[in-house]
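The structure appears right after this line, and notes come after that.
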Amino acid sequence: MADLRIVELSAATIVAVNTLSLKPGQERFVVPESYAIAATVVDPATSWQRVILDGDEVVGFVSAGFDPDAPQEHFRSVLWRINVDADDQGRGIGRFAVEQLVEEARARGFACVDVIYEAGEGGPEAFFSRVGFQPVGETEYGEVIAEIRF
Ligand SMILES: CC(C)(COP(=O)(O)OP(=O)(O)OC[C@H]1O[C@@H](n2cnc3c(N)ncnc32)[C@H](O)[C@@H]1OP(=O)(O)O)[C@@H](O)C(=O)NCCC(=O)NCCS
């Protein structure tokens, strides 16, 4: 395992974050329909965005929302986006990012983190399951709602 660190998104890292690559077929899983709709009403004050560095290299990005007043329960403590650069996938970086997110949620007094994803070949379902998310429901669009409780 490399020298992984998590830092705030900044002017120094935002360009690298925006050019993180995907493996072929992953594009359609990045923003589930429910997130695309919710994002139009998300308050930036409740969002948490972090960059994963391996040494000095940007290798991943994770963002989440923490809003105890969100009307839908699964949007109160929620993983919005996780992306590990195509060349760096499969090295434990995604797991590291989720562990950091869980620590943040715990520190803010939440008892769970939710995620919404689309099931399907090439998607993140196996990853979310391996790092501890368990399905708890389904959205009106047929996406999976999964949760880590702690
Ligand atoms: C999903 C994603 C973040 C995973 O990151 P990663 O760094 O490759 O994951 P890790 O190496 O930390 O893997 C953690 C565990 O999940 C498993 N895993 C990861 N991807 C997997 C896959 N496609 N199929 C099966 N298992 C998988 C790993 O084997 C590992 O299991 P283990 O720890 O029990 O050995 C990465 O593939 C990605 O950026 N995908 C494109 C964007 C995306 O779809 N994001 C999710 C929606 S926002």
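The basis for the numbers below is simple: all heavy atoms, side chains too, and nothing from hydrogens, waters or symmetry mates. Counting convention: from 1, in listed order, for ligands and their atoms alike.
Any N or O atom pair closer than 3.5 Å counts here, and F96 shares no such pair with ligand 1. Annotation: V30 places no N or O atom under 3.5 Å from an N or O atom of ligand 1; distance criterion only. Checking only distances, Q89 does come within under 3.5 Å of ligand 1, N or O to N or O. When only interatomic distances are considered, the shortest N/O to N/O separation between N83 and ligand 1 falls below 3.5 Å. Of the polar atoms of D88, none of the N or O atoms is found under 3.5 Å from an N or O of ligand 1, judged by distance alone. For the pair P124 and ligand 1, the shortest N or O to N or O distance does not fall below 3.5 Å. Taking only nitrogen or oxygen atoms, main chain and side chain alike, G94 reaches within less than 3.5 Å of ligand 1.
Checked for salt-bridge contact, R91 and D54 meet the test: a charged N lies under 4.0 Å from a carboxylate O. Under 4.0 Å is where a charged nitrogen must lie from a carboxylate oxygen, and between D56 and R5 at least one such pair does.
Distances below 4.0 Å separate heavy atoms of I93 from the following atoms of ligand 1: 7 (O), 12 (O). Applying the 4.0 Å criterion to heavy atoms of Q26 picks out, from ligand 1, the atoms 37 (O), 40 (N), 41 (C). Atoms of ligand 1 lying under 4.0 Å from any heavy atom of L22, numbered from 1 in the order shown and given with element: 41 (C), 42 (C). Of all atoms in ligand 1, listed by their number and element, those nearer than 4.0 Å to a heavy atom of R95 are 12 (O), 32 (P), 33 (O), 34 (O). Using a 4.0 Å cut-off to heavy atoms of A126, the atoms of ligand 1 that qualify are 24 (N), 25 (C), 26 (N). Each of the following atoms of ligand 1 lies closer than 4.0 Å to a heavy atom of G92: 10 (P), 11 (O), 12 (O).
Atom 43 (C) of ligand 1 has its closest protein heavy atom at I82 O, 3.7 Å. For atom 8 (O) of ligand 1, the closest non-hydrogen atom on the protein side is G90 N, 2.7 Å. Of all protein heavy atoms, the one lying nearest to atom 23 (N) of ligand 1 is G123 O, 4.5 Å. Shortest contact from atom 15 (C) of ligand 1 to any protein heavy atom: R130 CB, 3.8 Å.
Heavy atoms of R91 found under 4.0 angstrom from ligand 1 belong exclusively to the backbone.
A continuous path of Ile, Leu, Val, Met, Phe, Trp and Tyr side chains, each step under 4.5 Å between heavy atoms, connects F127 with V115, placing both in one hydrophobic cluster. Residue V84 is grouped with residue V62 when hydrophobic side chains (ILVMFWY) are merged at heavy-atom distances under 4.5 angstrom, including chains of intermediate members. Both F150 and F128 are members of a single hydrophobic cluster when ILVMFWY side chains are connected at heavy-atom separations under 4.5 Å. One hydrophobic cluster, built from ILVMFWY side chains closer than 4.5 Å, cannot hold both L4 and V58; they sit in different ones. A continuous path of hydrophobic side-chain contacts links I6 to V113 [ILVMFWY only; heavy atoms under 4.5 Å].
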For this session: Please assess D88 against E57 for the test side-chain contact (heavy atoms from CB on, under 4.5 Å), listing each intermediate value before the final yes or no.
Result: CA-CA 11 Å; D88 290 295; E57 188 196 345; 3.9 Å; yes
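Tested against F61 for a side-chain contact (heavy atoms from CB on, under 4.5 Å), the candidates D85, I52, V17 yield a single pass: V17. Checked options F66, F75, Y117, W48; the residue passing with W80 is F75 (criterion: ring pair (Phe, Tyr, Trp, His ring centres under 6.0 Å)).
Annotation for E99: atom CD counts as buried by contact number, over 12 foreign heavy atoms lying within 6.0 Å. Crowding of R106 atom CZ: a count of heavy atoms from other residues, nucleotides or ligands under 6.0 Å exceeding 12. Other residues, nucleotides and ligands place no more than 12 heavy atoms under 6.0 Å from the CD atom of E121.
In this structure, atom 40 (N) of ligand 1 has protein heavy atoms in its sub-4.0 angstrom surroundings. For atom 28 (C) of ligand 1, no protein heavy-atom neighbour is found at a distance under 4.0 Å.
Among Y117, F29, F127, F61, the residue whose heavy atom lies closest to atom 18 (N) of ligand 1 is F127.
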